[in-house]
Amino acid sequence: MNFASVIVDVPAKQTDKPFDYEIPAAWKNLIKPGMRVVVPFGPRKVQGFVIDIKEEADYPKTRKIVEVLDLTPSLTPELLEVGHWLTETTLCFKITAFGAMLPAAMKAKYEKEILLVKEEFRDSLSQDVQPYFINSNSFAWSEAEKAGILPNLQKEIEKGLLEVYYKVSQKGNRKTTRYIKAALNQKQLLEAAEEMPAQARKQKELLEFFSETEDAAFTSQELQAAAAASDSTIRSLVKKGFLQEEWVESYRDPYADRRFEQTEPLSLTEEQEGAIKPILQKVEDGQHHVFLMYGVTGSGKTEVYLQSIEAVLQKGKEAIVLVPEIALTPQMVERFKGRFGSLVAVLHSGLSTGEKYDEWRKIQRKEVKLVVGARSAIFAPFENLGMIIIDEEHETSYKQEENPRYHARDAAIFRARKHNCPVVLGSATPTLESFARAKKGNYELLSLQGRVNSRPMPEVSIVDMREELRKGNRTMFSTELLEQLRNRVEKGQQSVLFLNKRGYSSFVMCRDCGYAIQCPHCDISLTYHRSGQQLKCHYCGHEEPMPSVCPECSSEHIRFFGTGTQKVEEELAKVLPEARVIRMDVDTTGRKGAHEKLLSAFGTGEADILLGTQMIAKGLDFPKVTLVGVLAADTMLHLPDFRASEKTFQLLTQVSGRAGRHLLSGEVIIQTYTPEHYSIQLTKQHNYLAFYEQEMQLRKQYAYPPFYYLALVTVSHPDLLGAVSASEKIVSFLQAQLQVSTQILGPAASPIPRINNRYRYQCMIKYKRENNLAAALKAVNERFQQEMQQNGLGISIDLNPYQLM
DNA sequence: AGCACGCCGACT
DNA sequence: GTCGGCGTGCTC
């Protein structure tokens, strides 16, 4: 086993293959697949992943591995497999897939340095560069560039006095703590203490201290406190060999200063029992299976998760729980930490790079048994997985919108298959894809339709904003909402106001009849383009002029839509000056911890109204909230996205669930210009099943998922013409490669037609069964390879896209 | 991605 | 004659 196949950290088509390296004799039995190494690559050094160890190299002129970065492989054999699967299913580079499975801190940082070849060359350096090497024998390339002395250095390099060195370092550092312990036994220590010269009073005392303790290790701070020992005393005793130092890895614990109240398993309702039984059975049997737990808000899904995990841990196995952007729900972390204490690692975007790395290390070192985290936590390096849970399965944040464009649900199922363990998908509003699979029997449906505390679902009323306008109310608050808000303030109860900011973009709607202009071929809203006063469809490229009157009712009040939280806050202050308002949006939650602060302020009753966007829709649970208002339910409904109705229904249901979760019953007011729309009407009725049926019909009619699969090819180019012609060529190429039954739409301008001065066109592929697809798309990449290198053509491929932009 | 090699125009 | 433009191709 003399050679290693390495995937190098150079994300490019030409380097997306293993390179063989010789393993230096000293590391022969040390290097294993999954380890990160540093290898020479051309003139520089790069990081790479060992994917294979072999007796012979496939290449005659191998070079040697220069550094080993891991003692234990950072990618387990199974995760290496997951990596290969990722490249195949998302068409990304191998290195991109591997990189995505590790915390950012482990990504290499590359630095160029200029090194003095030999100490004695220092005096031979020319006058202009010598000053830079007076105190050191290296000098950062970037500094040299700034100082403008590169040409001078070049000359010295040619003379052989200096050399260019490529340094590979890590972003995050392991945090270690120094512990001091005795190097001898207690008797020997006592003897040593007696032989200490009289002037070494402190050393003598410290030795005596150690001779009285058994086999304990202390940090220097502890010694300072316990024995008044200074660091210099410790050091000289270490030097004399009486004491020894020990470096132990320590963790930055983001939750160190927080106490989690220990909780006990609650007794389950009959429904919960019914749901947990089949899960426990699969855990017991060690069998792969996918469950879809469809449970209304407040039905106690989390308790089912907790008790299932309990069973997994009892079998000595590990579990992964995915939650959407967990930073937003400290309440969720609390529930897991409360039940499983220090067995839990938490991975989410609110942690620093170092903190994330530490949590990851805890998993790798098997110090935790459970990880709760956002999307990428699906790659937690557990080796004995017993269950994977995906909470709020419908959340779109489970799909990564950059390479590798994977969906955590797919990765979960792939891993669970390998580990023979169950996957539990939970949601009050499952995606149509998952629910359809459950109906077909691919997944097992578990249903929780009652709320744990038997509270009725909140009363939802829909306010027709067209009516308000007719009555002369031009503010963004309907009479009813305003009245109810005032009522809550008076009663000392709290309200949540939800503004859907997404879709601020520009769909066009009639303020009188609520008619939104749609594409005749795609059943999605057209987008308004100021340039040329045109309406465009981003799917098929259809175009039409912006009408001056509503095509439906001939009203002149037709215009495009959008508003922001700040404006709402101002208006609220005008109409309801007595209310104390907390506003939560990107502006007010920018700083780390600001989020939690605002939420806890609201929780302790420092405000009457919580006003916010998306981020307040999830997982909040405040007993005193009895009113939820949705200011404009339509904004999302008319996004150019075939999932718009689904997302609207999910969001409205989600938001409604924030009201009346405890003793006080709740009420929801939804303001809309399209009250008759089924996704709004069915929210009022709390009827997911009806929504599912209706939406499925439309999906079938327009050939969208789950009836068809989608693939999105986005072409970008510095010139408009280049983008157009390349995308046209791609479309015709694909038409030749793929089956007749596969639909290829476009090319059409991307919803964001120009980013960074690059024009973007896209085409969408709809297919049912297409074995050729991956091969055809790979072929596209290959065929346009030269153009991609030469004229700055870019091709991005998203299989099963979520965001169609 | 970097970087070197290599082949054509404007300069000491 | 050379410096330097960036097209081309390679990196185990």
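Here is how names work: the chains are called A, B, and so on, in the same order as the sequence lines, proteins then strands, and each is numbered from 1.
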Participant: Among all residues two or more places apart in sequence or in another chain, which pass the salt bridge (charged side-chain N to carboxylate O under 4.0 Å, His left out) test with Lys32(A)?
Facilitator: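 Checked Lys32(A) against salt bridge (charged side-chain N to carboxylate O under 4.0 Å, His left out); zero matches.
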
Participant: Please name all residues satisfying salt bridge (charged side-chain N to carboxylate O under 4.0 Å, His left out) with Asp20(A), sequence neighbours left out, ordered by chain then number.
Facilitator: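 Expected list: Lys54(A).
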
Participant: What's Pro60(A) touching, base or sugar-phosphate or nothing? Going by heavy atoms closer than 4.0 Å.
Facilitator: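 It contacts nothing in the nucleic acid.
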
Participant: List for me each residue that meets salt bridge (charged side-chain N to carboxylate O under 4.0 Å, His left out) alongside Lys64(A), sequence neighbours excluded, and say none if there are none.
Facilitator: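 Per chain and number, Lys64(A) pairs via salt bridge (charged side-chain N to carboxylate O under 4.0 Å, His left out) with no residue.
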
Participant: Keeping to residues at least two apart or across chains, list the side-chain hydrogen bond (donor to acceptor under 3.5 Å, both in side chains) pairs with something in residues 726-739 of chain A.
Facilitator: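 Sorted pair list: Lys729(A)-Glu787(A), Gln739(A)-Ser741(A).
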
Participant: Under the salt bridge (charged side-chain N to carboxylate O under 4.0 Å, His left out) test, which residues partner Arg122(A), sequence neighbours left out?
Facilitator: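 If we apply the salt bridge (charged side-chain N to carboxylate O under 4.0 Å, His left out) test to Arg122(A), skipping adjacent residues, the hits are Glu119(A).
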
Participant: Once side-chain contact (heavy atoms from CB on, under 4.5 Å) is applied, do any residues pair with Gln14(A), and if so which ones, sequence neighbours excluded?
Facilitator: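 side-chain contact (heavy atoms from CB on, under 4.5 Å) list for Gln14(A), sorted by chain: Gln789(A).
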
Participant: Which ring pair (Phe, Tyr, Trp, His ring centres under 6.0 Å) pairs, counting each pair once, include a residue from residues 2-27 of chain A, with sequence neighbours left out?
Facilitator: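 Residue pairs with at least one partner in residues 2-27 of chain A: Phe19(A)-Phe41(A).
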
Participant: Heavy atoms under 4.0 Å, any strand shown: does Tyr166(A) hit a base, just sugar-phosphate, or nothing?
Facilitator: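 If one applies the 4.0 Å heavy-atom cut-off, Tyr166(A) turns out to touch the sugar-phosphate alone, with no base involved.
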
Participant: Which parts of nucleotides 5-12 of chain C does protein reach within less than 4.0 Å, heavy atoms only, written one letter per nucleotide 5' to 3' as B for base, S for sugar-phosphate only and - for none?
Facilitator: ---S-BBB

Participant: Is the Phe642(A) ring parallel, tilted or perpendicular to the Tyr704(A) ring (thresholds 30°, 60°)?
Facilitator: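 The arrangement is parallel - the two ring planes meet at less than 30°.
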
Participant: Please find the earliest and latest nucleotides of DNA chain B, in the 5' to 3' direction, that have an atom within less than 4.0 Å of any heavy atom of chain A.
Facilitator: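 Contacts span dA1(B) to dC3(B), reading 5' to 3'.
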
